[in-house]
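Notes follow the structure.
Letters A, B, ... are given to chains in the order of the sequence lines, protein chains preceding strands, and every chain is numbered from 1. Nothing here was measured: the structure is a model prediction, and the numbers come from that model.
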Amino acid sequence: MSTQHDVRHYPGAGLVTWAFFLWLYAPIAVVIWFSFNENRLVSVWSGFSTKWYAAALENDALLGALRTSLTVAVTATVVATLVALSAAMVLTRHADLKFRRLSETVVNLPLLLPEIVIAVASLILFSQIGFTNGLARLIVAHSAFCTPFAFLPIRARLAGMSADYEEAAQDLYAAPFTAFRRVTFPLILPGVFAGAMLAFVISMDDFITSNMLNTGGTTTLPVYIFSLIKKGTTPELNAISTLLILASLIIATLALAISARAMRRG
Amino acid sequence: GGTLNLYTWSDSISPDLIKKFEEKTGITVNVDGFNSNEDALTKLQAGSSGYDVVTPSQHFVKIMIEQGLLEDIDAKDMPAFAQVDDKWKNQWWDPTSEYSIPLAYGTAGFTVNRDLYKGPVDSWSVFFTPGAELKGKIADLAAPDEVVGAAELFLGVPFCSEDKAEMKKVYDLLKAQKPDVAAYSSDNIENRIGSGEVAAHFWWDGNSLKTRRDGANIEYAMPKEGLVGWLDSFVVPKGAANVEAAKAFIDFMSEEENATVQYNYYAHSSPVKIDLAKADYTPENAPELFPTVPVTFSQACSPAAQDLVTKVWTDLLK
Amino acid sequence: MTRGKAVEVFNVTKRFGDYLALDQVSFTIHENEFFTLLGPSGCGKTTLLRMIAGFETPSEGAISLFGTEIATLPPHKRHVNTVFQSYALFPHMTLEQNIAFGLENLGWDKARRQARVAEMLEMVHMTPFARRRPAQLSGGQRQRIALARALAPEPKVLLLDEPLSALDLKLRQAMRDELRELQRMTGITFIFVTHDQDEALDMSDRICVLGKGQIQQIGTPSEIYEEPENRFVADFIGETNFLEAEVIAVEGATARVRTAFGFEITTFQKGLTGPGRATLSLRPEKIGMEDQAAGNLLTGTVSAKNYMGGYTHYTVDTPAGVLRVSRRNAVSQAQSYEIGREVRLGFRDDSARVLAQ
Amino acid sequence: MTRGKAVEVFNVTKRFGDYLALDQVSFTIHENEFFTLLGPSGCGKTTLLRMIAGFETPSEGAISLFGTEIATLPPHKRHVNTVFQSYALFPHMTLEQNIAFGLENLGWDKARRQARVAEMLEMVHMTPFARRRPAQLSGGQRQRIALARALAPEPKVLLLDEPLSALDLKLRQAMRDELRELQRMTGITFIFVTHDQDEALDMSDRICVLGKGQIQQIGTPSEIYEEPENRFVADFIGETNFLEAEVIAVEGATARVRTAFGFEITTFQKGLTGPGRATLSLRPEKIGMEDQAAGNLLTGTVSAKNYMGGYTHYTVDTPAGVLRVSRRNAVSQAQSYEIGREVRLGFRDDSARVLAQ
Amino acid sequence: MRGFRFWGLVPAWGLMVATLMVPLVIVALVSVAERGAYGGFAWAFTLEPYKEILFSEDWDGNLVFDPKYLAIIGRTLALAAATTAICMALALPVAYVIATRTPRMKAALIYLVTLPFWVSMIVRVYAWLIILGNDGVVGRAWAALGGEGTLLFTSGAMLVGMVYSYIPLMVLPVFAAIEKLDPALLEAGADLYASRWTTARRVILPLTWPGLAAGAILVFVPALGTVLEPMLLGGGKQMMMGTLIQSQFGGARNWPFGAAVALVLMAMVVLVLIANARRAMRKEARA
Ligand SMILES: Nc1ncnc2c1ncn2[C@@H]1O[C@H](COP(=O)(O)OP(=O)(O)OP(=O)(O)O)[C@@H](O)[C@H]1O
Ligand SMILES: Nc1ncnc2c1ncn2[C@@H]1O[C@H](COP(=O)(O)OP(=O)(O)OP(=O)(O)O)[C@@H](O)[C@H]1O
Ligand SMILES: NCCCCN
Ligand SMILES: [Mg+2]
Ligand SMILES: [Mg+2]
């Protein structure tokens with residue numbers, strides 16, 4: 001149809017959208033571009049080189065930080081997803097629950113508070129009670145602020161899933177846990193997966209809290225990258241960033257593809 | 001086996017030495033960097049820092065000792081102690097040498113980019129009361145520590161003054177400079193001054209030397225009012241998990257051969273014995289390390305004086 | 001009525017907070033009966049069904065299944081299955097797996113399960129689709145699978161909550177016959193919920209009309225339509241004309257009444273005890289027009305005419321008030337009475353029904 | 001038919017990509033007419049309406065409004081308003097504001113606007129609700145406001161896309177009368193889209209039956225029902241029995257045919273040119289049973305019986321095949337023919353209709 | 001099942017109480033404690049830290065009103081508000097365009113909007129550091145156009161970084177709101193003689209408002225507490241509340257004051273949330 005008559009068409013909006021996407025991806029492209037810069041000074045182009053990738057892949061500190069980040073993120077993701085799943089089950093399936101709104105707010109609390117406040121609060125608490133294990137400190141804090149990110153998609157999926165399925169399962173002689181295992185869980189799996197992915201990424205990405213709680217030997221990836229920026233940037237940082245971007249894109253694409261597939265099936 | 005967590009000035013320990021130490025002992029070494037003594041102190045104060053070795057400057061060593069933040073490692077009985085130049089033994093910050101072994105010493109001053117600034121660099125006035133050429137192209141460190149000291153040298157105010165009127169002059173000077181300051185940052189200085197993003201930067205002798213030798217057209221100033229002196233030492237935080245490894249590392253770093261490698265890498269002066277034959281720097285190729293003006297070491301201030309320093313800085317930055 | 005009692009509901013009341021959804025409901029459903037709960041939206045049909053299935057607990061009263069009280073039994077322990085309005089087929093399972101689900105939970109062994117699944121698929125003519133998933137089926141096919149799944153565990157009672165309402169008109173009509181046939185074949189008691197009177201009249205052995213949380217009438221389709229016990233039922237089921245009348249005498253199941261326009265009629269009544277005011281209910285198709293007029297005669301003027309294909313609906317202004325009369329178009333060029341024309345109407349005494357006001 | 005032409009559609013074709021949604025459609029709608037587009041889902045009714053409103057452009061062909069070609073006019077410049085299927089009331093505006101919206105865009109001054117809004121609210125009996133928002137209304141009330149909003153700017157033609165389909169049965173029937181009344185009162189041309197044949201028969205001056213993107217028949221309700229021009233129309237509108245027949249002779253609008261079961265019938269035909277095979281369409285209500293049997297007589301056995309309240313549907317096995325017969329329950333204890341019983345059936349020649357196969 | 005009602009929520013409550021609520025109480029306590037000269041704090045009760053937000057002791061020892069921290073609070077509010085406003089202005093057309101594509105295209109574009117969000121925040125901020133720097137693409141263009149000074153270390157740089165960081169949080173809810181919008185409403189607008197822009201103003205915008213409001217909360221709250229942008233793009237010169245708090249626990253070593261500022265920040269966030277909740281409740285009451 002000629003757009004002239006299409007009441008849904010707004011001239012100019014398309015252009016803004018193009019510009020928007022350009023702006024969204026330009027910085028990422030720049031980071032990637034300069035990762036191939038041979039020059040030590042990042043933004044002074046002097047030739048193509050992949051030497052910074054070699055350097056990055058040999059950088060023990062980087063690999064150590066990556067290991068720390070992965071350990072923290074995986075553990076926190078598991079904890080946050082379980083906590084969120086259990087809370088979401090209760091909150092979506094019992095409309096008459098006492099303190100329902102309050103409980104929901106509590107689960108979402110980390111979203112409502114500026115992270116810096118939480119970070120400071122955890123720092124004070126941990127130092128007061130002498131909670132010393134660096135990795136454990138990070139895991140506890142990350143589990144807490146990842147929980148709402150895991151919670152939201154799970155709850156959305158549960159809320160979008162008719163309670164009829166659970167009732168049908170029970171009607172067909174499934175005891176409550178069997179009904180959960182064989183019907184509810186498989187059906188909300190995409191939500192659980194999306195929630196877990198989100199939690200994982202949020203944890204991997206966290207800077208403020210990790211920087212506050214960070215102790216010797218438990219530097220996380222963002223904190224390490226920050227220290228690189230502080231120290232003086234070389235294209236090695238771009239190379240690291242590029243690798244990180246690639247990893248994120250792969251994870252994100254996987255996550256979205258899996259949940260899209262589940263959506264189509266559901 | 002085991003791990004050793006270092007918290008040192010950013011990019012200060014030679015990676016080759018770390019590798020060598022790891023190979024020799026089987027200990028895994030993690031290195032985190034800080035860019036101000038304040039940061040190091042804060043980390044230790046927050047408790048359970050997780051670090052085994054930290055390298056604060058002299059006045060902060062004193063504060064840390066007083067605050068009970070350091071492990072008594074019987075430094076004077078360590079092999080490393082024997083390597084220390086006598087003039088750095090039993091100093092005021094660690095009178096009985098129980099806690100610390102020196103790592104490096106040097107000065108804090110300022111560096112100019114000679115592509116952008118052609119004028120003289122013989123006085124702090126160039127930096128604190130910049131002319132048109134430097135306006136808006138100056139960068140200070142992010143923490144008050146040595147910056148306030150330099151301002152005091154320029155104004156003739158004694159370090160750790162408890163006199164409010166004197167400290168107000170310091171404040172007024174820095175306040176007046178602020179409009180011309182592009183950044184207060186201790187991070188990424190090398191790029192900022194090297195690439196000419198700013199034309200003058202508060203900085204340290206060795207760092208400036210190293211960047212100049214990497215090809216940047218910069219010059220470390222020798223202001224007639226003097227430079228701020230510092231000496232960073234290895235210390236072990238209280239409750240460190242791996243004190244033995246920490247001491248082994250300190251001893252290792254102080255061995256003459258290693259100290260020489262470290263000297264060449266770090267480009268700051270060494271307080272421990274080095275093999276001069278293998279040392280890279282001489283007064284000819286490294287004037288930065290051989291100041292021609294007086295050097296005054298930072299002091300550990302009384303709480304009252306420290307409050308004033310803090311006040312200068314917070315008033316300045318808010 | 002010598003059949004055993006399948007479901008007994010005794011004085012069941014259900015409150016949601018302050019809201020009284022069901023008020024002292026009692027009835028008995030027999031074995032092998034096609035029993036329908038019919039009523040307007042919100043009258044409590046689903047609530048009643050859910051209490052029998054075990055998804056809700058009565059606030060008061062008792063429910064028994066083949067003589068055993070079940071109010072406290074969780075749903076997975078009741079030998080009752082449900083066909084959900086939305087079907088609630090498990091989307092992640094194939095049709096086979098859907099049908100086998102209940103059997104697995106009951107602990108049937110594999111061979112028996114497979115045989116039963118095959119039998120069920122056969123029964124609903126869906127054998128070729130065994131490996132499909134519900135998303136790949138049409139509405140009517142889903143409906144059949146929902147039935148097969150619910151019937152597979154050989155329940156004693158099958159509950160159906162508006163199972164046809166998601167289908168389109170033509171399919172809905174076709175499924176009516178299939179459902180009825182299935183019930184006859186299996187001999188299982190069906191409790192069927194609907195708000196569609198046509199569906200209820202067409203399929204049921206007995207209908208329970210619910211209104212405002214209470215039972216309005218229980219009876220066979222023709223009892224419900226021809227002998228409504230109150231205004232609610234007469235009005236809800238089919239179309240009717242209500243006329244004012246005065247009761248002259250009540251004699252058991254009949255009453256003699258005088259209508260506002262002068263006739264005296266003796267006919268069946270319900271709920272009257274003695275003289276007073278009453279309402280006469282008179283169905284449009286029971287009023288004869290012109291050549292078909294017989295019994296009590298009236299004259300009126302056609303004020304509206306709605307041609308509906310199979311029949312024509314006339315609105316006639318008479319001394320008795322405005323009457324709706326429906327006339328079958330039994331021949332192609334059926335006589336048609338134009339608006340404004342004077343027509344004779346007539347109805348037999350026993351076509352009217354006296355109801356308490 | 002001396003009225004002016006309101007809307008003319010000339011050879012309009014609409015393609016969506018490769019899909020041919022409408023194929024060479026032409027018709028004329030007169031001023032003050034209640035014109036209905038009737039057809040099964042997907043036949044292109046909405047598409048046609050949207051082209052008249054201006055939301056779609058024809059791929060080929062022309063549309064004119066009171067003689068002016070409008071194909072290139074954007075929707076907000078056509079003096080045509082629409083009642084949307086979902087009503088599309090602006091949820092953030094009060095009813096008043098909804099109704100005033102069009103008037104504001106036309107630049108009416110405030111006093112005139114207020115007067116018109118008040119008049120419209122009055123017309124649809126919604127004056128007390130002026131300050132409410134759409135969410136606070138029932139379905140029927142929303143329907144009325146959608147009408148008021150569309151009528152307020154005094155359009156020359158009102159388009160209605162299945163405006164009743166979201167309502168429940170009883171309300172839907174009540175709204176039919178209101179709509180028809182409104183059309184008579186305002187004298188505006190209504191183009192009404194529906195897939196419900198009862199609605200179309202009940203309300204329209206003329207009906208256009210659409211099927212497979214083409215016009216199947218245009219005519220008055222009784223023309224459409226009694227004189228279908230083809231199988232599609234006969235099947236889609238109402239229920240019917242199709243019987244095989246052989247054409248003996250065609251004489252203009254009538255034909256003589258022989259049925260498979262031996263009768264020879266002369267009746268109206270459509271689309272036949274000479275001898276050959278044909279189909280006889282015979283409506284269930286046009287077959288008499290026992291005492292009502294007349295004309296061509298047949299004997300059969302009742303194989304199913306569906307009591308539907310106002311009438312009973314019988315399925316009768318006869319030599320002519322399975323016939324559906326509907327019988328009005330004109331008296332309370334109407335004769336009822338049990339399953340298995342032998343019955344006599346009869347129909348008049350002119351009750352049947354011969355169609356091309 | 002009944003037991004699960006209780007036990008199912010225990011982990012969530014436990015985690016949040018232990019890691020958020022208890023620590024917040026401690027923050028509150030620290031905010032009225034006394035600072036140590038070299039950092040840390042000593043348990044005591046003093047309102048000194050709060051007084052410090054508004055007053056300072058001048059160099060003569062007098063307590064005077066000092067708007068410096070208020071200025072930081074003001075700048076924080078202003079930048080967070082500007083970030084939110086820019087995000088709204090940008091998200092509306094973009095979300096609209098996305099919402100009106102075919103389902104496949106829609107999914108693809110939404111994927112593209114969310115994708116950068118998966119890339120580490122610090123990398124994204126770093127990217128702007130490169131771009132805006134004197135040698136960066138934009139930095140050079142700026143200089144070539146005769147622009148004064150450097151673009152980095154300005155409020156503008158922070159704003160660009162913040163908008164960039166938070167824009168997906170605005171686009172998504174606005175998209176959801178627009179997608180929910182019945183297209184028939186737009187047609188109804190046109191049918192009732194409204195031009196496109198009248199329809200946009202009178203129909204689309206009001207009905208997208210809930211999405212904009214949700215997005216505003218999602219952007220404004222983290223923007224208030226932002227740390228990375230002021231540190232990296234603001235050059236540490238443009239303090240914001242986040243960096244002020246951080247510096248009090250770092251270089252400035254004034255924990256009680258940091259705790260007090262943190263509580264003020266939290267109070268601001270809570271106020272915004274309450275205002276939003278009330279707005280939503282009024283809406284609900286009206287509907
Ligand atoms: N869980 C509940 N909480 C509160 N009220 C409820 C609940 N379930 C049902 N109701 C109310 O009880 C009444 C009866 O509901 P029910 O679902 O049984 O009606 P229904 O007859 O099935 O109607 P429909 O034909 O619309 O399905 C309704 O007014 C409904 O709003
Ligand atoms: N924008 C479009 N793009 C592609 N195909 C379309 C579009 N709009 C309609 N169609 C197709 O055109 C045909 C006619 O659609 P239309 O909506 O006019 O049917 P309808 O008669 O109104 O049906 P219903 O009774 O279901 O509303 C359908 O097959 C539909 O799928
Ligand atoms: N290279 C850092 C020098 C530290 C000064 N105290
Ligand atoms: Mg129901
Ligand atoms: Mg349509």
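For V270(E), no part sits under 4.5 Å from any heavy atom of chain A, backbone or side chain. Residue L273(E) touches chain A through its side chain alone, counting heavy-atom pairs closer than 4.5 Å. Using a 4.5 Å cut-off between heavy atoms, P222(E) does not touch chain A at all. L218(E) does not touch chain A: none of its heavy atoms, backbone or side chain, sits under 4.5 Å away. For F145(A), no part sits under 4.5 Å from any heavy atom of chain E, backbone or side chain. Contacts of V106(A) with chain E are made by both backbone and side-chain atoms, with heavy-atom separations under 4.5 Å. If you measure heavy-atom distances from L112(E) to chain A, the contacts under 4.5 Å come from both the backbone and the side chain. For chain E, the nearby part of F207(A) is the side chain; its heavy atoms alone come within less than 4.5 Å. For chain A, no part of I217(E) is nearby; none of its heavy atoms comes within less than 4.5 Å. In this structure, no portion of M241(E) lies under 4.5 Å from any heavy atom of chain A. Using a 4.5 Å cut-off between heavy atoms, Y164(E) touches chain A through backbone and side chain atoms alike. Both the backbone and the side chain of L24(A) come within less than 4.5 Å of a heavy atom in chain E. Only the backbone of L111(A) comes within less than 4.5 Å of a heavy atom in chain E; its side chain stays farther off. For a residue to count as touching a neighbouring chain, one of its non-hydrogen atoms must lie under 4.5 Å from one of that chain's; by this rule V264(E) does not touch chain A. For T226(E), no part lies near chain A; criterion is any non-hydrogen pair under 4.5 Å. In this structure, no portion of A141(A) lies under 4.5 Å from any heavy atom of chain E. Looking at M197(A), both its backbone and its side chain come within 4.5 Å of chain E, counting heavy atoms on both sides. With a threshold of 4.5 angstrom between heavy atoms, N238(A) approaches chain E through its backbone and through its side chain. Contacts of V140(A) with chain E are made by both backbone and side-chain atoms, with heavy-atom separations under 4.5 Å. In this structure, no portion of L82(A) lies under 4.5 Å from any heavy atom of chain E. Both the backbone and the side chain of V119(E) come within contact range of chain A, with heavy atoms under 4.5 Å apart.
For a heavy-atom cut-off of 4.5 Å, chain A lies close to P11(E), A12(E), W13(E), L15(E), M16(E), A18(E), T19(E), L20(E) in residues 11-20 of chain E.
Ring orientation note: the planes of Y10(A) and Y96(E) are nearly perpendicular, at an angle over 60° on the 30°/60° scale.
The pair E166(A)-R93(A) counts as a salt bridge, with a side-chain nitrogen and a carboxylate oxygen less than 4.0 angstrom apart.
When each of A262(E), P183(E), A95(E), S120(E) is checked for heavy-atom pairs under 4.5 Å with chain A, S120(E) comes out on top. Contact count against chain E (heavy-atom pairs under 4.5 Å) is highest for S103(A) among P222(A), S103(A), A29(A). Ranked by non-hydrogen atom pairs under 4.5 Å with chain A, the options V272(E), I167(E), V261(E) are led by I167(E). Here V97(E) is the residue among I204(E), V27(E), V97(E) with the most heavy-atom pairs under 4.5 Å with chain A. Note: V117(A) leads I251(A), V31(A), V117(A), V79(A) in heavy-atom pairs under 4.5 Å with chain E.
With a 4.5 Å cut-off on side-chain heavy atoms, W23(A) and V163(E) count as touching. Using a 4.5 Å heavy-atom cutoff, the side chains of P148(A) and P110(A) are in contact. The shortest distance between side-chain heavy atoms of M121(E) and E229(E) falls below 4.5 Å. Between F249(E) and I124(A), some side-chain heavy-atom pair lies under the 4.5 Å cut-off. By the 4.5 Å heavy-atom criterion applied to side chains, M21(E) and L109(A) are counted as neighbours. Considering only heavy atoms from C-beta on, S203(A) stays 4.5 Å or farther from S143(A) through its side chain. With a 4.5 Å cut-off on side-chain heavy atoms, L92(E) and L205(E) count as touching. Counting heavy atoms from C-beta on, the side chains of M266(E) and L24(E) come closer than 4.5 Å.
Atom CZ of F99(A) is surrounded by 12 or fewer heavy atoms from other residues, nucleotides or ligands within 6.0 Å. Within 6.0 Å of the CG atom in L15(A), the count of heavy atoms belonging to other residues, nucleotides or ligands does not exceed 12.
Counted by atom type alone, H9(A) and T100(E) present zero donor-acceptor pairs between their side chains at under 3.5 Å. If you check the side chains of Q246(E) and T243(E), you find no donor sitting under 3.5 Å from an acceptor.
Ring to ring, F41(E) and W43(E) are close: their centroids are under 6.0 angstrom apart.
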